[in-house]
Amino acid sequence: MTKKIQIAIDGPAGAGKSTIAKIVAEALTFTYIDTGAMYRAVTYKGMQQNIQLDDSVRLEEMLRQTEIKLQPSPQGQLVFVDGENVSDAIRSNKVTSNVSQVAAHPNIRRILVTMQQELAANGGVVMDGRDIATHVLKDAELKIFMSASVEERARRRFLDNEGRGIPSTIENLQEEIALRDKLDSEREASPLIQAEDALYLDTTALTIEEAATKILKLANEKMM
Ligand code: DC
C-alpha cells in the first residue's frame, strides 16, 4: 500500500497551483484542498453582510457562525457557505480584489489554519495556498513552491477568466497580480515565502502536464 503523504503547494496567484494540484491529487487518488477558496468564502460572506473588511473582530464573529464546506466533485472542488454553493461567486472580481485584506487578519488565519490542519490530518492530501509549507503543514512530506513570471501568470488568469465568462484585460490582470503578490508577501501574518525545505518549481515555460509529472515523480519517490 502506498503511504498517504501530505503534499504542500505554495506560490503566488496564477502560478498554476490549483490546476496542477488537482491533477496530482487525482493521479494519486488524494484529496485536493484549495485553501485560497476558504479566504475567498470569508470575504464573500463578509461583503454580503456589509461588514467592513478591515474589521477583524466582526469578521471573526461572523466566521465563528459560518459553516464552510469543501466538497470534491468531478468539476473540481465545490465550496459551500452555510449550505449555499458559492464556488463561482467567490471567483468574482469583487472578491478577488478584496481577499488579500481579509487574508491579512491573523485571527481569521488562525481559525482557517485549524480547519485546514483538521482536513489534512489523515494524510492523502494535496493542499495549495500561500503558507501551507511554512505554517499549516510544517511536516508535509513534499513541499513545492511554484511560481511563474507575472506576464505568464496574467496570461493564464485571462484565459481562465474568459472560460468563466469574467471580463478582464491582460494589462489590468498584470497590475492586479503584481499588487496581490506585494500584499501577500509583505503582510505581517504568514507572508508568502518559500519554506526552507520546499522545492522551487518555475512553471513559466512548463505545460500543466509537465509540471504535474515533475511533482508526481517527487511524490512517488516520497511514498516508496
Ligand atoms: O489562491 P487564491 O487566489 O484563491 O487566494 C486568495 C487569497 O487568499 C490570496 O490573496 C492569498 C490568500 N491566501 C492566503 O493568504 N493563504 C492561503 N493559504 C491561501 C490563500
Side-chain angles (χ1 to χ4, degrees), residues 6-22 25 32-47 53-54 56 59 63 68 70 76-79 81 86-120 125-138 140 143-148 150 153-154 156-161 164 166 168 172-195 198 203:
Q6 295 175 331
I7 302 177
I9 303 183
D10 293 297
K17 298 187 302 288
S18 60
T19 312
I20 294 161
K22 237 177 277 171
Y32 164 60
I33 302 166
D34 166 9
T35 61
M38 298 166 90
Y39 292 93
R40 287 173 178 272
V42 178
T43 307
Y44 170 80
K45 185 168 174 188
M47 287 183 359
L53 299 182
D54 59 357
S56 61
L59 277 176
L63 178 54
I68 299 177
L70 306 180
Q77 176 193 263
L78 297 178
V79 185
V81 169
V86 297
S87 314
D88 290 328
I90 60 167
R91 307 280 161 203
S92 71
N93 284 336
K94 248 173 122 181
V95 171
T96 301
S97 49
N98 284 294
V99 62
S100 285
Q101 202 181 347
V102 171
H105 297 310
N107 57 335
I108 301 299
R109 301 198 69 84
R110 267 194 298 276
I111 297 171
L112 294 185
V113 166
T114 303
M115 288 168 62
Q116 291 156 11
Q117 286 168 336
E118 282 165 6
L119 289 169
V125 291
V126 182
M127 187 175 275
D128 85 31
R130 303 293 189 287
D131 60 339
I132 309 307
T134 51
H135 286 93
V136 183
L137 306 178
K138 282 189 192 158
K143 298 178 173 183
I144 307 286
F145 191 87
M146 199 183 280
S147 198
V150 173
R153 289 190 281 138
R156 290 175 188 169
R157 261 295 140 92
F158 177 77
L159 295 176
D160 193 43
N161 281 349
R164 293 174 195 271
I166 299 174
S168 57
N172 282 348
L173 288 172
Q174 277 197 23
E175 269 175 40
E176 194 188 289
I177 285 176
L179 175 69
R180 213 136 67 88
D181 281 1
K182 192 169 148 63
L183 292 173
D184 291 339
S185 44
E186 290 180 0
R187 71 172 175 229
E188 231 162 275
S190 310
L192 170 67
I193 43 166
Q194 182 178 348
T203 66

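The figures here come from the full heavy-atom set of this structure, side chains too, leaving out hydrogens, waters and symmetry mates. One-based numbering, in listed order, for ligands and for the atoms of each.
When heavy-atom distances to ligand 1 are checked against 4.0 Å, the residues falling inside are T35, G36, Y39, R40, R91, V99, S100, A103, R109, G129, R130, D131, I132, R180, D184, R187, ordered by chain and number.
Looking at residues two or more places apart in sequence or on another chain, you find no side-chain contact (heavy atoms from CB on, under 4.5 Å) involving D88. Legend: residues meeting salt bridge (Lys or Arg N to Asp or Glu O under 4.0 Å) with K143, ordered by chain and number and at least two apart, are D197. Listed by chain and residue number, nothing satisfies the salt bridge (Lys or Arg N to Asp or Glu O under 4.0 Å) test with E188 (two or more places apart in sequence, or in another chain).
The pair D128-K22 fails the salt-bridge criterion, with no side-chain N (NZ, NE, NH1 or NH2) lying under 4.0 Å from an Asp/Glu carboxylate O.
In summary, the side chains of R130 and T35 do not present any donor paired with an acceptor at a separation below 3.5 Å, with no hydrogens or angles considered. Using modelled atom types and a 3.5 Å distance limit, the side chains of R156 and T203 yield a donor-acceptor pair.
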